[in-house]
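Read the structure below first, then the notes.
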Amino acid sequence: MTTITIAKGDGIGPEIMNATLDILKAAGAQIAFEEIEIGEKVYLQGNNAGIAPEAWESLRKNKVFLKAPITTPQGGGFKSLNVTTRKVLGLYANVRPCISYHPFVQTKHPVMDVVIIRENEEDLYAGIEHRQTDEVYQCLKLISRPGTEKIIRYAFEYARVYQRKKVTCFTKDNIMKLTDGLFHKVFDEIGAEYPDIEKEHWIVDIGAAKLADTPEMFDVIVMPNLYGDILSDVAAQITGSVGLAGSANIGDGFAMFEAIHGSAPRLAGQNAANPSGLILAAIQLLVHIGQADVAEKIQNAWLKTLEDGFHTKDIYKEGVSAKKLGTREFGEAVIERLGQKPSQLKPVTFNPAVGGFQIKPKNHPPATKELIGVDIFLQANERNPDLLAEAIQKAGNPGNISLQMITNRGTKVWPNGFPETFCTDHWRCRFKKEQKELTYQAIIDQMQLLQNAGLDIIKSENLYNFDGEAGYTAAQGQ
Ligand code: NAD
């Protein structure tokens, strides 16, 4: 018997959770349930994370969480419960199977069976943002080697145990050469350890277009957080209904399972919601805790229910569906079919060995790091790069360091800039060392000279070589 934590959430949450729990019990899942309170009520009691402090104890103890959707109250100051849970509990992998159930659920893509594996903790979601000048705001995109190794290895392990044939990686490494470049590089490195699995990489824009147009060419797709956030919704939508997708958030010692839709407040209390997203999330949970046989039994009964035309209102279609059912009745129809298999849709089989696999990043010896310069960012309202360069040079330098170039939003504007380049008030001034070893003190001295000359420093970024390889990008432009 495994004890899990559940939360019934808001809106349609309690109805779809009750239907799901009834199915789990009827199918013989060896699960005990411990309920916690999350969502609107908790937010409105003044807890801005939407979860009471004592609920964390249940989550920490049980390590497996089945969560119904919640309503985030309107207005500012409320933190996303999902983002908090993912970060606090280290749920680095978001796994979202997106499958078409043609001809029983209308879809433009009858042949679609894609699993999106999204990195869940890094990228622009670190939420580190700054306003730097009157005109320019910044959001930091952080991609780490251990974070990337974990998600890429997870994708390959997932493909192997779920008997998938191909893993595709989406990045934008033609533009973000270091961050997305690392993601692509690690994909190639780790992919080489899985010769049995086909590998491919697409630049995210054309990859996304292909996914929306010909999803049948994809199998498992792994991607950084932001692309995964957007494209997992696109993929779920084009299967025919977002109401039919569940997702898993997986960490080293903890996992959370939920439907991908929200709390649909307007449908609440009407016994009209489709519980399928949460049922499929519960099936992922069963596989995770090693009850693959029960998972298989429920999913095949659920497929048979769809196939028999017993549909909730959101997917009901005259001529295809046999009967329109409420939330509760749909759950009962699944229970009646436990032990049966679909005849047209493909029955599922889950590998009992799947469970929750552990992924460990490799230890890499630290690189030899050499300080070779600094990018000093200035606010200057005068839009003339030549004058700015002159002012910087007039400020003086401490020796062994000199101004190499100035860029504006990444485009080189000095030396030899184009007068046509549009400039904001935000300038990056790159200084590089000359002959001798560069000390951090020289950088501080350079900044002091700039400040003495009345220049407005907003931040600096050191330039390093790692084992002789540049840890920074060149400027864009001519
Ligand atoms: P939503 O997913 O709740 O609803 C979007 C549309 O889909 C609505 O028309 C709704 O009726 C329909 N729908 C959703 N689930 C359905 C189901 N199971 N069966 C039938 N129809 C269904 O998205 P929203 O309206 O943007 O958000 C409503 C609330 O949900 C907001 O407070 C939002 O913050 C919250 N939300 C929570 C989660 C979560 O807890 N994981 C996720 C998304 C949104």
Side-chain angles (χ1 to χ4, degrees), residues 5-21 23 36-44 48-51 55 59 65-87 89 91 94-96 98 101 105-106 118 120 125 228-230 232-234 236-249 255-282 284-285 302 305-306 310-317 321 324-331 333-334:
T5 301
I6 60 161
K8 293 191 174 176
D10 301 313
I12 58 171
E15 294 162 76
I16 61 173
M17 180 61 88
N18 288 337
T20 304
L21 296 183
I23 295 170
I36 59 167
E37 188 85 57
I38 56 167
E40 200 172 19
K41 239 191 289 165
V42 186
Y43 279 116
L44 297 176
N48 79 343
I51 176 166
L59 291 173
F65 184 22
L66 181 64
K67 172 181 166 289
I70 60 160
T71 303
T72 312
Q74 296 293 314
F78 300 110
K79 286 197 284 187
S80 157
L81 176 60
N82 270 17
V83 175
T84 306
T85 315
R86 284 173 190 161
K87 291 209 162 176
L89 300 170
L91 307 180
N94 186 282
V95 183
R96 190 181 284 187
C98 300
Y101 302 101
V105 178
Q106 207 178 18
R118 160 190 170 194
N120 230 359
Y125 290 62
D229 189 0
I230 298 167
S232 58
D233 267 23
V234 172
Q237 180 71 35
I238 64 174
T239 62
S241 171
V242 277
L244 294 185
S247 81
N249 291 276
M256 173 172 83
F257 301 84
E258 62 179 346
I260 70 164
H261 58 73
S263 59
R266 267 178 295 177
L267 279 185
Q270 296 168 37
N271 190 36
N274 187 344
S276 297
L278 194 61
I279 295 171
L280 292 174
Q284 285 180 283
L285 181 153
W302 176 80
T305 310
L306 280 192
F310 285 20
H311 295 163
T312 43
K313 194 167 143 210
D314 55 316
I315 57 166
Y316 181 86
K317 193 148 195 318
S321 309
K324 195 186 289 177
L325 298 182
T327 313
R328 199 177 319 112
E329 293 72 24
F330 181 83
V334 175

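Given the structure is predicted, the values throughout are model-derived calculations rather than measurements. Just so you know, ligand 1 is whichever comes first in the structure, and atom 1 is the first atom listed for that ligand. The chain is numbered in sequence order, starting from 1.
- For atom 38 (C) of ligand 1, the protein comes within 4.0 Å by at least one heavy atom.
- Nearest heavy atoms, Pro73 versus Tyr43: CD-CD1, 3.4 Å.
- Protein non-hydrogen atoms do not reach within 4.0 Å of atom 12 (C) of ligand 1.
- No hydrogens or angles considered: nothing links the side chains of Ser80 and Asn82 as a donor-acceptor pair under 3.5 Å.
- The part of Ile12 lying near ligand 1 is the side chain, judged by heavy-atom distances below 4.0 Å.
- The 12-atom threshold is exceeded at NZ of Lys87, counting heavy atoms of other residues, nucleotides or ligands nearer than 6.0 Å.
- Atom 3 (O) of ligand 1 has as its closest protein heavy atom Ala264 N, 2.8 Å.
- Of all heavy-atom pairs spanning Pro275 and Ala273, the tightest one is CD-O, 3.4 Å.
- The protein does not reach atom 8 (C) of ligand 1 closely, with no heavy atom under 4.0 angstrom from it.
- Contacts of Asp10 with ligand 1, taken as heavy-atom pairs under 4.0 Å, are absent altogether.
- Lys67 is not listed as a side-chain neighbour of Ile6, based on a closest heavy-atom distance of 4.5 Å or more.
- The shortest N or O to N or O distance between Ala272 and ligand 1 is not under 3.5 Å.
- Of the candidates Ile260, Asp314, Leu267, it is Leu267 that places a heavy atom closest to atom 22 (C) of ligand 1.
- Closest to atom 33 (C) of ligand 1 among all protein heavy atoms lies Ile70 O, 4.3 Å.
- Atom CD of Glu258 is separated from atom CZ of Phe65 by 8.5 Å, given to the nearest 0.5 angstrom.
- Asn274 contributes atom CG, which lies 4.0 Å from atom CG of Asp314 (distance to the nearest 0.5 angstrom).
- Where the criterion is an N or O separation shorter than 3.5 Å, residue side chain and backbone included, Thr72 meets it with respect to ligand 1.
- In this structure, the protein non-hydrogen atom closest to atom 19 (N) of ligand 1 is Asn274 N, 2.9 Å.
- Residue contacts with ligand 1 for Ser276 are absent, since no atom lies close enough (heavy atoms, distance under 4.0 Å).
- For Trp302 and Tyr101, the distance between ring centers is under 6.0 angstrom.
- In this structure, Ser232 OG and Arg118 CZ are separated by 6.0 Å, a value rounded to the nearest 0.5 Å.
- A heavy-atom separation below 4.0 Å is found between Glu258 and ligand 1.
- Interface of Asn82 with ligand 1, defined as ligand atoms under 4.0 Å from a residue heavy atom, comprises 41 (N).
- Across Ser247, Ser80, Gly262, heavy-atom proximity to atom 43 (C) of ligand 1 is greatest for Gly262.
- Side-chain N or O atoms of Glu15 include one that pairs as donor or acceptor with a backbone N or O of Gly269 at under 3.5 Å.
- For atom 15 (N) of ligand 1, the protein comes within 4.0 Å by at least one heavy atom.
- Residue-ligand proximity: Gly243 is placed with every non-hydrogen atom at 4.0 Å or more from ligand 1.
- For atom 25 (O) of ligand 1, the nearest non-hydrogen atom of the protein is Pro265 CD, 4.8 Å.
- Contacts between Lys313 and ligand 1, counted as non-hydrogen atom pairs separated by less than 4.0 Å, are absent for every part of the residue.
- Other residues, nucleotides and ligands contribute over 12 non-hydrogen atoms within 6.0 Å of the CD atom of Gln270.
- Distance from atom 29 (C) of ligand 1 to its nearest protein heavy atom, with residue and atom name: Ser263 OG, 3.2 Å.
- Taking only nitrogen or oxygen atoms, main chain and side chain alike, Ala273 does not reach within less than 3.5 Å of ligand 1.
- Of the N and O atoms on the side chains of Asp229 and Tyr125, at least one donor lies less than 3.5 Å from an acceptor on the other residue.
- Residue contact check for ligand 1: Lys67 places a non-hydrogen atom closer than 4.0 Å to it.
- Taking CG of Leu81 as the reference point, atom CD1 of Ile38 lies at 5.0 Å (rounded to 0.5 Å).
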